[in-house]
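Chain identifiers are assigned alphabetically (A, B, ...) following the order of the sequence lines, protein sequences preceding nucleic acid strands; residue numbering begins at 1 within each chain.
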Amino acid sequence: MSQAPATSLQDIVSHAKEYGFVFPSSEIYDGLQAVYDYGQNGVELKNNLKNMWWKAMTQLNDNIVGIDAAIFMHPLTWKASGHVDGFNDPMIDNKDSKKRYRADQLLEGKAEQYAAEGQAEKAQELLNEMGRLLGDNNLEAVRELIIAEGIKCPISGTSNWTEVRQFNLMFSTQVGSVAEDSNLIYLRPETAQGIFVNFLNVQKSGRMKIPFGIAQIGKAFRNEIVARQFTFRMREFEQMEMQFFVRPGTEMAWYEQWRDTRLKFHQAVGLPTEKLKFHIHEKLAHYANAAVDIEYQFPFGFREIEGIHSRTDFDLKNHQELSKKKQQYFDNDLDENGKPFGNYIPYVVETSVGADRLFLAVFCNAFTKEMVGEGENQKERTVLKLHPALAPFKAAIFPLVKKDGLPEKAREIEKALKTEFRVFYEERDAIGKRYTRQDLIGTPFCIAVDYQTLEDNTVTIRHRDSMEQERVHISELKAKIGYAVSEQRILEAI
RNA sequence: GCGAAAGUAGCUCAGCUGGUAGAGCGCGACCUUGCCAAGGUCGAGGUCGCGGGUUCGAACCCCGUCUUUCGCUCCA
């Protein structure tokens with residue numbers, strides 16, 4: 001038995017394109033970097049994943065409801081979230097080493113050096129000056145300050161710096177049909193804020209009691225410095241986020257619970273335990289007091305597919321401040337002294353999955369090259385071993401040959417099944433070729449209609465992963481396929 | 001943004017020291033065919049990423065440009 005051939009990301013990218021899962025955006029115009037389109041099979045798989053997530057959140061938890069907020073939001077939203085101030089990093093390159101640094105980090109490093117040398121005052125002065133210049137957006141002065149401080153590139157040892165440039169995380173656009181009157185607004189860089197600004201709307205209209213959650217699936221947009229690794233980093237991507245509102249002080253318990261629940265979800269959709277791990281953030285973002293990523297082992301290494309963050313009351317507190325609208329909740333539950341917990345701004349535990357990353361993880365995991373057959377008949381087979389509930393097509397129906405009434409019989413079966421499952425009918429080419437085509441797109445079952453079918457109404461079901469066949473009566477098909485492809489199997493495993 | 005490599009049929013790729021483009025698979029039609037990419041016959045499909053230059057002549061040499069991949073920088 002020879003070894004199964006190694007698979008690379010390149011194989012997966014090619015397969016995704018060849019079989020209608022993912023196409024490069026605007027390919028006829030040479031493409032658009034870091035943007036991809038989902039094809040006829042990709043959209044099915046992605047929709048199935050999104051649907052599983054939606055049900056895992058809203059159907060399995062009676063205290064979680066969903067919303068669908070707009071992509072456009074009031075500009076102050078991004079002031080409150082910290083995206084305007086927090087993610088505009090000034091960048092500078094060293095011309096000799098070609099290394100890029102964050103200008104503020106270079107200056108902070110220098111300040112630390114002063115502090116270590118006992119010149120605390122000088123260190124503070126430098127930081128103040130830097131803060132002032134960055135506040136004024138005076139990038140040229142920041143560069144001059146770096147040069148004046150004699151900061152050198154650790155690699156090249158020179159001060160041959162380029163100008164300082166701003167890295168813009170958010171995409172902006174104009175709202176208002178007349179150019180002069182229009183306002184600059186941003187395409188949302190995360191869906192979370194659509195949930196936060198609707199926190200009270202949902203809480204009041206749904207009579208929600210803490211703890212409760214709001215789930216949302218939607219597009220978000222970010223400028224990436226580099227876009228690599230296929231759909232792992234895209235400028236336009238889709239998030240599946242759930243913000244869970246809790247009483248302050250209870251957030252760590254909920255954080256741990258959601259961390260474990262979310263891991264189970266990824267296992268339930270078919271990602272193997274040994275390819276998943278937690279990665280705990282040591283350095284926390286400006287809004288979090290605890291953060292962990294669920295990482296999947298892609299062909300290019302372990303990478304984040306989901307983040308679970310304890311966001312404290314950072315977002316709601318800032319929205320309250322900027323909007324001047326109270327974001328408080330009155331908690332009627334009684335504390336240990338028998339008094340209501342009363343008014344507070346809830347703490348938030350966030351679970352945030354990249355739909356595209358989950359898709360890529362599931363696709364990479366399903367993509368299998370294996371050797372089948374014995375001796376001289378041994379050959380390579382490529383098969384997408386998707387969880388049956390996620391597969392674009394649930395079953396394919398083939399008449400063994402295109403004559404003698406077999407196609408008519410097969411069409412009858414197709415008609416009976418198509419209202420329940422997405423099925424594929426094909427009568428051309430040799431049946432082996434048809435089986436192979438279905439393997440390539442991950443169809444779990446192939447139903448073959450042969451001469452025996454005409455006599456006793458039985459067909460063969462060929463199983464994708466084992467390639468084994470079993471003969472069943474036509475009347476059993478719905479139950480047999482239905483169980484295998486049911487979402488219930490996934491939801492029960494969470 | 002820097003460095004390196006690549007761009008030829010739907011896909012994977014070949015194409016020598018410059019001489020008007022090829023294979024395999026796939027695709028379409030027909031014939032054959034009783035279960036794992038089956039055989040046969042015929043057929044469609046390419047201004048060789050784009051623009052310029054050198055040359056009698058460029059897929060090939062030179063310059064520019066775009067796109068992709070890998071590495072570095074960044075990563076909420």
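Spacing between B/G15 and B/G49 at atom P, rounded to whole Å, works out to 15 Å. A gap of 8 Å separates the C1' atoms of B/C61 and B/U54, to the nearest Å. If you take atom C1' in B/G53 and the same atom in B/A44, they sit 36 Å apart, rounded to whole Å. Atom name C1', nucleotides B/A9 and B/C27: the rounded distance is 11 Å, in whole Å. Look at the P atom in both B/A58 and B/C70: the space between them is 35 Å, to the nearest Å. Between B/A21 and B/G46, the distance separating the two P atoms is 13 Å to the nearest Å. Here the separation of B/U8 from B/G1, taken at their C1' atoms, is 31 Å to the nearest Å. Nucleotides B/U69 and B/G22 are separated by 26 Å at their C1' atoms, to the nearest Å.
Taking the six-membered ring for Trp and the full ring otherwise, A/Phe232 and A/Phe300 have centroids separated by under 6.0 Å.
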Original post:
When you look at A/Lys369 and A/Asp11, which way does the side-chain contact (heavy atoms from CB on, under 4.5 Å) test go after all the steps?
Top reply: CA-CA 10 Å; A/Lys369 280 186 184 176; A/Asp11 294 333; 3.5 Å; yes

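In the set B/C11, B/C35, B/A76, the nucleotide with an atom closest to the side chain of A/Arg222 is B/A76. Checking B/U69, B/G10, B/C35 against the side-chain heavy atoms of A/Glu18 singles out B/G10 as nearest. Comparing atom distances between the A/Asp429 side chain and each of B/C27, B/G34, B/C36 picks out B/C27 as nearest. For A/Leu9, the listed nucleotide lying nearest its side chain is B/C70; candidates were B/C11, B/C70, B/C36.
Salt-bridge formation is detected for the pair A/Glu190/A/Arg311: a Lys NZ or Arg NE/NH1/NH2 atom is positioned less than 4.0 Å from an Asp or Glu carboxylate oxygen. The residues A/Glu427 and A/Arg411 are annotated as not salt-bridged, no charged nitrogen and carboxylate oxygen being separated by less than 4.0 angstrom.
Atom CZ in A/Arg381 sits about 13 Å away from atom P in B/C36, given to the nearest Å. Between A/Arg235 atom CZ and B/U67 atom P the separation is 11 Å, expressed in whole Å.
In this structure, B/A44 forms no base pair with any nucleotide, since neither Watson-Crick nor G-U wobble geometry is met with both distances under 3.5 Å. The partner of B/A4 is B/U69, judged by Watson-Crick or G-U wobble contacts that both fall below 3.5 Å. Of all nucleotides present, none satisfies the Watson-Crick or G-U wobble test against B/A37 with each distance under 3.5 Å.
Comparing A/Lys433 and A/Ala448 against RNA chain B, the residue whose closest nucleotide sits nearer the 5' end is A/Ala448. Closest-nucleotide positions on RNA chain B for A/His309 and A/Arg471 were compared, and the one nearer the 5' end corresponds to A/Arg471.
A/Tyr36 comes within 4.0 angstrom of the backbone, heavy atoms only, and of no base. Residue A/Arg437 is classed as a sugar-phosphate contact, given heavy-atom separations below 4.0 Å to backbone atoms only. The residue A/Gln469 sits close to a base: some heavy atom pair falls under 4.0 Å.
Pairing each heavy atom of A/Phe171 with each of A/Arg235, the nearest pair is CZ-CD, 3.7 Å.
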Under 3.5 Å, which N/O atoms of the protein pair with N/O atoms of nucleotides 40-51 of chain B?
none

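Remark: A/Arg462 is positioned above the aromatic ring of A/Tyr435, its terminal NZ or CZ atom under 6.0 angstrom from the ring centre and at most 45 degrees off the axis. Cation-pi geometry between A/Lys277 and A/Phe302 is met: under 6.0 angstrom from the ring centre, within 45 degrees of the axis. Figure legend: A/Arg434 and A/Phe398 shown as a cation-pi pair, the cationic atom lying under 6.0 angstrom from the six-membered ring centre and within 45 degrees of its axis.
A 4.5 Å side-chain heavy-atom check between A/Thr312 and A/Val348 finds every atom pair outside the cut-off.
When the side-chain nitrogen and oxygen atoms of A/Arg428 are compared with OP1 and OP2 of B/G28, one or more of them lie within a distance under 4.0 Å. Applying the 4.0 Å criterion to OP1 and OP2 of B/C11, one finds that A/Lys17 has a side-chain N or O inside that range. For B/C35, neither phosphate oxygen OP1 nor OP2 lies less than 4.0 angstrom from any side-chain nitrogen or oxygen of A/Thr460.
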